[in-house]
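All ligand and atom numbering here is 1-based and tracks the order in the structure.
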Amino acid sequence: MYRELFLQAQAVREYAYAPYSNFKVGAALLTKEGVMYTGVNIENSSYPVGLCAERAAFASAISQGEKEFQAIAICGDTEECWPCGMCRQFMYEFAPDLTVVTGSDPDHLEIMDLSELLPNGFKLEK
Ligand code: THU
C-alpha cells in the first residue's frame, strides 16, 4: 500500500513547478477510506510565496471535503524527502496520527509517524 502511494507521488512529481530551486517534489495523501489525493510543489517569483507538495495535497483533499487521513508519501529528487517544519505543523492540524512515507525509490521506503517528526505539535483548544 505504501509502495502504491509512493508510486503516485513519484508519478505526479513531474508536474511540480520548481523553476527556482529545480527541486521537484510530488506527494500522495491517502484518506482513511482509501482515497488518494496528490500535490506538487509550486514555487513563485516571490520565493516565500511558494507552496510545498505536502500542503498542496492536503489543500486538494480538504477542498473535496475530506477530513480523515492515514498516510502521505513524498517523493523528492533522488534521496528521501522528509517534510519541512512548516508542513509538519500544517499536517498535524488535520492528522496528528499520520504516517509519513518517503525514500529514494519504491524499493527503499522509509516510514515514520508524524508524532515522531513533530513531537508536541501545536493545537489550539476549541
Ligand atoms: N519542498 C516540498 O515541496 N516538500 C518538502 O518536503 C521539502 C521541500 C519544496 C519547497 C521548494 O519548492 C523546494 O522543495 C526546495 O525547497
For [atom], the protein heavy atom that lies nearest, with its residue and separation:
atom	result
atom 9 (C) of ligand 1	Asn41 ND2, 3.5 Å
atom 6 (O) of ligand 1	Glu54 OE2, 2.5 Å
atom 3 (O) of ligand 1	Ala53 N, 2.9 Å

Pull out every atom of ligand 1 sitting under 4.0 Å from any heavy atom of [X], numbered as shown with elements.
X	value
Ser21	13 (C), 15 (C)
Glu43	11 (C), 12 (O), 13 (C)
Cys81	5 (C), 6 (O), 7 (C)
Trp82	6 (O)

Query raised in the report: Under 4.0 angstrom from ligand 1, any heavy atom of Gly50?
Result: no
Query raised in the report: Does ligand 1 have an atom that lies less than 4.0 angstrom from a heavy atom of Ala18?
Result: no
Query - From the candidates Phe23, Tyr47, Tyr17, Tyr20, the one that places a heavy atom nearest atom 14 (O) of ligand 1 - result: Phe23
Query raised in the report: If you measure from the Lys or Arg side-chain nitrogens to the Asp or Glu carboxylate oxygens, is any gap between Lys32 and Asp97 under 4.0 Å?
Result: yes
Query - Salt-bridge present (Lys24, Glu14; N to O < 4.0 Å) - result: no
Query - Spacing of Met112 atom CE and Glu80 atom CD [to the nearest 0.5 Å] - result: 10.0 Å
Query - Within-4.5 Å side-chain heavy-atom neighbours: Leu98 and Asp113 - result: no
Between [X] (side chain only) and [Y] (backbone N and O only), is there a donor and an acceptor less than 3.5 Å apart?
X	Y	result
Arg13	Val40	no
Arg88	Pro83	yes
Asn41	Ala18	no

Report task. Would you kindly specify which portion of Cys52 sits under 4.0 Å from ligand 1, judged on non-hydrogen atoms: side chain, backbone, both or neither? Result -> both
Requested in this report: Return the orientation label for the Tyr20 and Tyr17 ring planes: parallel under 30°, perpendicular over 60°, tilted otherwise.
Outcome: perpendicular
Query raised in the report: Is atom 16 (O) of ligand 1 less than 4.0 angstrom from at least one protein heavy atom?
Result: no
